[in-house]
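Presented below is the structure to which this report refers.
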Amino acid sequence: MKQAVLLFMMMHLCIECHAQKYISQIPFKYDYSLDMLKKQSKMKEVGLKNQSVVNDNSENLSDDVLALKEKYSIVLAVMPNKITNYKLYAYIDPWLNTPYKEKSFSKKGIDCSYFLQSLYSDVYKTTLPKDPAGMWKSKSIQIFTGRSFLTEGDLVFFRYDKDHPISDVGLYLHNDRILACTDKGLAIYNFNDEYFQLRYIGAGRINEDAKKK
């Protein structure tokens, strides 16, 4: 009996290690074409007669966009169909892991409010101030506090000290994941972490009037 239990535990560990290795090696690039499917499966037309082929690229996305879609569905732990704002993730991707530097916007160092001001201008065509307090007061942003209402693209505001009621800002993505700056740099963090929850003040969303401009 003890030998059987030991064998089961060894098999479980092997499977778990293999799964983690697989995830770490995902290349984020796939070919969804029917021709490639037939070639890899060594199928002829007659072999497909009674088969159902699912088109996972019905939008005819490029390889680069497909890579973004797959990558961020994994990073944010959501289904790929949740990742639809490709321009947003294409803008974010090359800046991840940039070191933090106050009031700066370059590859050598970046301030999240400066980055989001540029992102909003490029992705959402909305002009915002560069500082968090200015964004909070902007007429283009509708402020709210309820966490359950957060959706992709919302700004999340934080307070770090009593002298600066609105000290910093981040960007809500999906599944309680936010884009923000800490001493580790610009990265995607878990919004549920105590670090953010103790400092969270409220959120902001582009109002309808700003969208019409």
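What you see below is based on every heavy atom in this structure, not just the backbone, and it leaves out hydrogens, waters and symmetry mates.
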(message) Measuring from atom OG1 of Thr126 to atom CD1 of Ile206, what distance do you get when rounded to the nearest 0.5 angstrom?
(response) 4.0 Å
(message) I want to check something: taking the side chain as every heavy atom from C-beta on, are Leu155 and Arg205 in contact at a cut-off of under 4.5 Å?
(response) no
(request) Mind checking the OG-CH2 spacing from Ser106 to Trp95? Nearest 0.5 Å is all I need. (result) 6.5 Å
(request) Check whether Val123 and Leu76 end up in the same hydrophobic cluster, where Ile, Leu, Val, Met, Phe, Trp and Tyr are linked by side-chain heavy atoms less than 4.5 Å apart. (result) yes
(message) So, taking the atom named CG in Leu150 and the one named CG in Asp176, what distance separates them when rounded to the nearest 0.5 Å?
(response) 8.0 Å
(message) Using modelled atom types and a 3.5 Å cut-off, is there a donor and acceptor pairing between side-chain atoms of Asn190 and backbone atoms of Asn192?
(response) yes
(request) Hey, can you tell me if Tyr200 and Phe191 have their rings parallel, tilted or perpendicular (30° and 60° cut-offs)? (result) perpendicular
(request) Using the test ring-ring contact (aromatic ring centres under 6.0 Å, His included), find all partners of Phe158 that sit at least two apart in sequence or belong to another chain. (result) Phe196
(message) Please enumerate all residues that pass ring-ring contact (aromatic ring centres under 6.0 Å, His included) together with Tyr124, with sequence neighbours excluded.
(response) Tyr120
(message) Count I, L, V, M, F, W, Y as connected when their side-chain heavy atoms are under 4.5 Å apart, and connections chain through other members. Are Ile201 and Tyr160 then in the same cluster?
(response) no
(request) Measure the CG-OG distance between Asn207 and Ser138 for me, rounded to the nearest 0.5 Å. (result) 8.0 Å
(message) For a 4.5 angstrom cut-off between non-hydrogen side-chain atoms, does Leu116 reach Met135?
(response) yes
(message) Taking Tyr189 as the starting point, is it possible to reach Leu186 by hopping between hydrophobic residues whose side chains are less than 4.5 Å apart?
(response) no
(request) Check whether any side-chain heavy atom of Lys107 sits under 4.5 Å from a side-chain heavy atom of Pro94, and report yes or no. (result) yes
(request) For the pair Gln117 (side chain) and Pro129 (backbone), establish whether a donor and an acceptor sit closer than 3.5 Å, ignoring hydrogens and angles. (result) no
(message) I need the minimum non-hydrogen distance between Cys112 and Val169, along with the two atoms involved.
(response) SG-O, 3.3 Å
(request) Indicate yes or no: at least one non-hydrogen side-chain atom of Ile110 is less than 4.5 angstrom from one of Tyr114. (result) no
(message) Checking Tyr100 now: which residues fulfil ring-ring contact (aromatic ring centres under 6.0 Å, His included) with it, not counting sequence neighbours?
(response) none
Tell me which donor-acceptor pairs under 3.5 Å the side chains of residues 79-91 have, and how far apart each pair is, sequence neighbours excluded?
residue	atom	partner	partner atom	Å
Asn85	OD1	Leu88	N	3.2
Tyr86	OH	Glu59	OE1	3.3
Tyr86	OH	Glu59	OE2	2.9
Tyr86	OH	Lys69	NZ	3.0
Lys87	NZ	Asp122	O	3.2
Tyr89	OH	Glu152	OE2	2.6
Tyr91	OH	Ser118	OG	2.4

(message) If you count every heavy atom of other residues, nucleotides or ligands that lies below 6.0 Å from Lys162 atom NZ, does the total exceed 12?
(response) no
(request) Please examine the side chains of Phe157 and Ile143, heavy atoms only from C-beta on, and report whether any two atoms are closer than 4.5 Å. (result) yes
(request) Could you tell me whether a side-chain N or O of Asp154 sits under 3.5 Å from a main-chain N or O of Tyr172, the two making a donor and an acceptor? (result) no
(message) Under a 3.5 Å threshold, yes or no: a donor from one side chain and an acceptor from the other, between Tyr195 and Thr182?
(response) no
(request) Please report the closest heavy-atom contact between Ser167 and Asp161, naming both atoms and the distance. (result) OG-N, 3.8 Å
(request) For Asp111, enumerate each residue passing the side chain to side chain donor-acceptor pair (under 3.5 Å) test, keeping only those at least two apart in sequence or located in another chain. (result) Ser113
(request) Pick out which of Ile178, Ile188, Leu179 makes a side chain to side chain contact (heavy atoms under 4.5 Å, CB included) with Leu171. (result) Leu179
(message) To the nearest 0.5 Å, what is the distance between CG on Leu128 and NZ on Lys137?
(response) 14.5 Å
(request) State yes or no: do Leu96 and Val75 share one hydrophobic cluster built from I, L, V, M, F, W and Y residues joined by side-chain heavy-atom distances below 4.5 Å, directly or via other members? (result) yes
(request) Using the test salt bridge (charged side-chain N to carboxylate O under 4.0 Å, His left out), find all partners of Asp168 that sit at least two apart in sequence or belong to another chain. (result) none
(request) Determine the minimum heavy-atom distance between Tyr72 and Ile92, stating which atoms define it. (result) OH-CG2, 4.4 Å
